[in-house]
Structure formats: structure tokens, C-alpha cells
Protein chains: 2
Amino acid sequence: MKPASIKDIASKANVSITTVSFILNGKAEQMRISKAVIEKVNTIIKEFDFKPNQVARSLRTGNTQTIGLIVEDISNPFFASIARKIEDKAYKKGYKISYSSTENDPVKAKELIEMFKARQVDAYIIAPVPGIESEIKQLLTERIPVVIFDRNLPDMEVNYVVVDNFNGTYIATKHLIDSGKKNIAFVTVDLHVDQINNRFLGYEKALQDRGIQFNKDIYTEIPFDSTDDNTTAQLMLLFEKNPEIDAVLFSTNYLAIKGLLVLKLIKKEINDDFSIVAYDDHDVFKLHTPPISVVDQPIEEMAEKIIDVLLNELASASNTLIKKEASKIILQPKFIKR
Amino acid sequence: MKPASIKDIASKANVSITTVSFILNGKAEQMRISKAVIEKVNTIIKEFDFKPNQVARSLRTGNTQTIGLIVEDISNPFFASIARKIEDKAYKKGYKISYSSTENDPVKAKELIEMFKARQVDAYIIAPVPGIESEIKQLLTERIPVVIFDRNLPDMEVNYVVVDNFNGTYIATKHLIDSGKKNIAFVTVDLHVDQINNRFLGYEKALQDRGIQFNKDIYTEIPFDSTDDNTTAQLMLLFEKNPEIDAVLFSTNYLAIKGLLVLKLIKKEINDDFSIVAYDDHDVFKLHTPPISVVDQPIEEMAEKIIDVLLNELASASNTLIKKEASKIILQPKFIKR
DNA sequence: ATGAAAGCGCTAACAA
DNA sequence: TTGTTAGCGCTTTCAT
């Protein structure tokens, strides 16, 4: 049996569908529909458990009350946590989230944007991969609200919410140096995206500020799509070839976890003479013996800012054509010494 | 500027919108539209970068190519991993995922189902909370494909994919007993849902089979919505009051992590005389010193089965009214000794 | 205070 | 082989 439509309600109530529509949309008062009619219609709506078809409504009004969330990988705890917070806030405003993972593949990212466009999502939240600048620009010219996060795309007038990646590694590196470390390895991923670059630059600058020469032997890039075994091999090599290393700074959370597993494997002890710092906090680091210091990103705050900026745009999108300046929000990471 | 519509394409190409529609939907051959026309239309489609409005299409066809995913909390790694795998598979078949977290609140769960219904999602994947049986039954009578997972709802003819929770704790407990443990504490959550109940029953049965008396002093239920501090306090109490405990079996992943943090806090060492077993694997357990044994759930397999069952129903839903028997899939967990 | 009717963009039955 | 047209369920303008 097909679900009831507004037409069924109208005919049962002996009123026009217009009247029902007004009542549904809270315009009854404004349209001065009589209390009696309102009540009668509402009773019938309840009786039929009628829910307006959102698809039809979307077609008519042009908005879907849906936000497209495009991240690298929803199963990464960083993105999953953000997704959750965003979902919460969006839900309260009547928006739903549709999500997708890009796997850092610009082709897939483009497809996803197309798909979301075809589905008429009202707004986008994107952790951008390099190579989708033009698609995002396109969204912008179509005046569709967009917030990018985690990574910035340089030279674009787009709302963003990022963490000061440069400063994150800067403070971490400085801390290591100040606690006596001289040979600080840097393990990162081969993605030359803004936020990873900046993490490297912060590390480099801290070394420089403290008069330590950057040593490229103890700088390692792990391919993003490296297999577990390859990653392990590469890290083992790093430690074998460079016994002088007295600290390691990992530029991402998952690399640090891999790193800890390798250290465990080769039975290299973490102690006062050999420190580890990870980027992005995780239960693993709290629980590790010894606990691992981290650069902590303010996830909750990020999610909050993202959704605030977006809802704000969504609210104003309708009633103005004036291009406001993009919101550029840079949050500060915290170094957590453990 | 509004995006192009099928009408624009048709008029540019001097053909009717029907022709364009057929070409778009791959029915050109079948409708024996001439090669020349197809080519011309395709060129124009590309030129305009035309993407059919999925909302209009949905209104017309009645399906949205969207699957609603309702879980307890998308930021929980277990659900996040499943979500990711499901997304992948669904995407390949042209389906998108809309997700929502219930926070174990039946009221919210009901609202979410309503919301998804209003949005006309084609199918549901639900990790059910107690109290939504009737909503799910309703979906079933409306012949909307549903798969529930993680937890089973007893006495319902609905597709489900679950892990044999009873057996999971059964083998874990047996293992502990066989390695000489006599006072095995059980820490669980106060949710009396099917899968948690079964985990307790497996534990109880293993004790019984080995002739050990269940001791309720070392059985602890932590409220689902307990604050961090309360949880900590409750666990500390457990260990203080019952120094005879020589092993702890946690019924969930997050409780085990909490537990490890507490043990760290009270400096209680994990060693041959005091073992921990967690439910659901996690990097934390691999990396922990010493590593923690776990009951591992086959996440990938679950996701695969879920989506297989669903796509299967989706494919057959259209061409048959025959009620097939529900797929009831029970996967086996694995005990990983560490 | 309420209703008639157009139209959002698309699909598909029916015509030609 | 291609075109005409009704209609999916709703919102909203214009009438009354």
C-alpha cells in the first residue's frame, strides 16, 4: 500500500491541498486558516501517520536539507569523530549528512562532488584532496555553501577551518630539542598537501631556530598507498641505518601507530633517550607504555566551527546575493606532554 | 545561472526530451535511436556538463539510490569501519549512504527512521536499539529492504548479520580458565540487548562447563551513559574490593580501553597472574604492553554480508512479490591470543 | 479564509 | 525511429 499523500489528506478533510500544505509548513496562522480546519487536518495527518514526501518537496523548493560530507576515509578516527559531531549539530537544524570517502583520489573526489550535485545537496563539507580546486571553485561560483577543513587550498576564497599545522610540529620539535634531543627523525607521508607540508615546515623551522641542521637521512616519506609490509620495512631501515636517532616525530596519527608497532617488533625501547611524538591524539598513545606525547588537534572545536560557518551561510544564502568574505578559521593545536 | 535541464539539452539538439531521456538511461539501443542522434545528444550533454537532476528522477521513479545507515555511534571504530566498507560496496553499485547515530536512544532511532522514510531511502541498514521492533516491522510490511546487524532482534523475520556473541565470550572464558584463571571478572554495559546478553551467557556457560561458580561480586555493569569519572570509580572499586581477581573479560571494546586506563592509574600490572581479554580488536590492544588478547569480530566479512544481502533484496524487490525467507547470517568471532 | 492551477525535472506509456 | 504528454507529490502565486 502506498503511503498517504497530501492529496489523500486533503480529500479526507474536505479541504484543498493548499490548505494542508500551509498547515504542514506552519503557515496556517499567517494564512489565517481557521482553528477548526487546522485541528481537523492535524487529526487526519496523525491518523494517517502522514509524512510529506521530502523528495517532492525538494524538487519543488530546490533544497534537500542534506549536507554532503567528503573526507579522506570515514573510518579514520579523526574523520569519524568530526563526522559524528557534525551530524549532531546538523541534525538539530534539520539537516542530514550524506558522506563519502575519497581515499585521497582526486578522480573519486570529483565523481563524488558530481554525485552530490546531481543529488542537489545544499552544502558541502570537504577535506580536500589536491586536484579538486576547480570543482570547488565551480561550487563557489554556483553560490553553493562550502567549507573545507583539515587542509587548506591555498589561493582560494573559500571558507576553511584548519589547525595550525606549522605551529603543531614547531612546538613539538622545540619541545624535543629543549629536552636535549639532537637527532630528531621526521616520518611523514608522501602527500604534498598543504597540511602535511606545513607540518614539515614547522619541524624544519624549529630545528633552524635552535641551530640544528636538517638531516635528510632521518627524514622519511612513506607512500600513502604503501602496504603494511612496505611501511614496516621502510621504518625498520630508518632505525637500522640511523642509530643516532634520539627522537621521532610522526606527521600523522596512523604513521605513529605503525611506527610504534615497528619499534615493538625490533624491540627498540622508548625511554628518556629515545622519544616519540605523534600528531593527532588517540587512545593508543595514552595507553602506551610509556605514554606517547602528541600534538592534539581540537576536534570538537573544528566540528563546531565547520558547522557554524556552514549553517550561517545556509541561512544567509537565500536572502542575499552579496558575496561575504570567506571565513578563515585557524585553530591552535596543543602539545600534550606525556 | 541555473544548471542545464534535460529540456535545454533537447532543444539544443533539436530532439524531444524523450529521446534525451532514453539516451541518458541507456535505452537508446533498445529504442533504436539512430547513432547520429545519440552522438549529437551526447556531445551536447558533455558540452553543457549536464547531469540529470537526481531529485526529479527519484520523484518520478520512486527510488533514491540511497541507503540509510543507522548505527549507535558513527565515531565508534567498529561502526566506522563497517560504514566505510559498506560505503565502498554501495558506491560501486550506484548507491549512496546517508548515516545517523542513535546514541542508543529508541526515540531518536524512531525519528531517524521517520526522517529516512520521508526522504524515501531505498533500503535500511540498522544496528537496532531495543524498542524499535515495531518500526522495523513496519518497514518490512512496506516491503522495504532492511538488514539489521551487530544485534539481533529476537522473534523477527528480518535479515540479519551478527557475530556469534555467545561463542565469542565462551571461547575467551574457556581459554582463561584453561590457562589457570579461577576468578574471572566480567565487565559489561547495562544495555540488555541481545548481543550483550549473549556475551554474558557465553561467559557464564564457560564457567559452568568448567565447574566454576559464577561470582556476582566480580560481575560489573557500567551504565551506558556513565561519565568517565564514574566509570573509573566503578572499575577502581571492583579491583580494590576483589583482589582475588586474576583475569578480566570486558564485553566491549571501549570498556576494555577504559579498564586499561584504570589499571594504569592504579598501577595494577598485567602479567601471567592477571590477564585481560577485550571484545572487538583495536590497535590499542596490539600495541599495549603487554599486548591484550581479544575476541575479534570479522568486520570486513560482516560488511560484505550486509551489503550483499541488501543489494540482493534491492535487485529482486522490483521483480517479485514473493516473500523470501530472511537471510540469517551468524559469523564466528575469533579469539586472538596475545 | 480557502482553492485552482502551474510547474519543479524527469520517465515512460502511448502515438505517430 | 522519435515526439507528445501525463504525472510523480509538493509549494506557492493568484483568484475568489
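Because only heavy atoms are used, hydrogens play no part in the values below, and waters and symmetry mates are left out as well, while side chains stay in. Because the structure is predicted, anything quoted here is derived from the model rather than measured. All chains are named by letter (A, B, ...) in the order of the sequence lines, taking the proteins before the strands, and each is independently numbered beginning at 1.
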Under 4.0 Å: is that the gap between some side-chain N or O of B/K7 and OP1 or OP2 of C/dC10?
no
What does A/V55 touch in the nucleic acid at a heavy-atom separation under 4.0 angstrom: a base, only the sugar-phosphate, or nothing?
nothing
Let me know the distance between CZ of B/R57 and C1' of D/dG7, rounded to the nearest Å.
17 Å
Looking at A/E304 and A/K85, does any basic side-chain N land under 4.0 Å from a carboxylate oxygen?
no
Using a cut-off of less than 4.0 Å, is there contact between a side-chain N or O of B/T19 and OP1 or OP2 of D/dG3?
yes
Find the distance B/I23:CD1 to D/dG3:C1' and express it as a whole number of Å.
13 Å
Ignoring backbone atoms, test whether A/S34 places a side-chain nitrogen or oxygen under 4.0 Å from the OP1 or OP2 oxygen of C/dT2.
yes
Does the cation-pi check pass for A/K108 over B/Y91, that is, NZ or CZ under 6.0 Å from the six-membered ring centre and within 45° of its axis?
yes
Given atom CG of B/N63 and atom C1' of C/dC10, what is their separation to the nearest angstrom?
13 Å
If I take atom CZ in residue A/F22 and atom P in nucleotide D/dC14, what distance separates them, rounded to the nearest angstrom?
12 Å
Indicate whether OP1 or OP2 belonging to C/dC10 is found under 4.0 Å from a side-chain N or O atom of B/S21.
no
Look at B/N53 and C/dC8 and indicate whether a side-chain polar atom (N or O) is within less than 4.0 Å of OP1 or OP2.
no
Would you mind classifying the nucleic acid contact of A/K35 as base, sugar-phosphate or nothing, using non-hydrogen atoms under 4.0 angstrom?
nothing
Counting the atoms with a prime plus P, OP1 and OP2 as sugar-phosphate, which does A/T18 contact under 4.0 Å by heavy atoms, base, sugar-phosphate, or nothing?
base
Tell me: CZ of A/R60 to C1' of D/dG9, nearest whole Å?
11 Å
What contact category does A/D8 fall into here, base, sugar-phosphate, or nothing, at under 4.0 angstrom with non-hydrogen atoms?
nothing
Hey, are the side chains of B/I148 and B/M156 touching, using non-hydrogen atoms and a 4.5 Å cut-off?
no
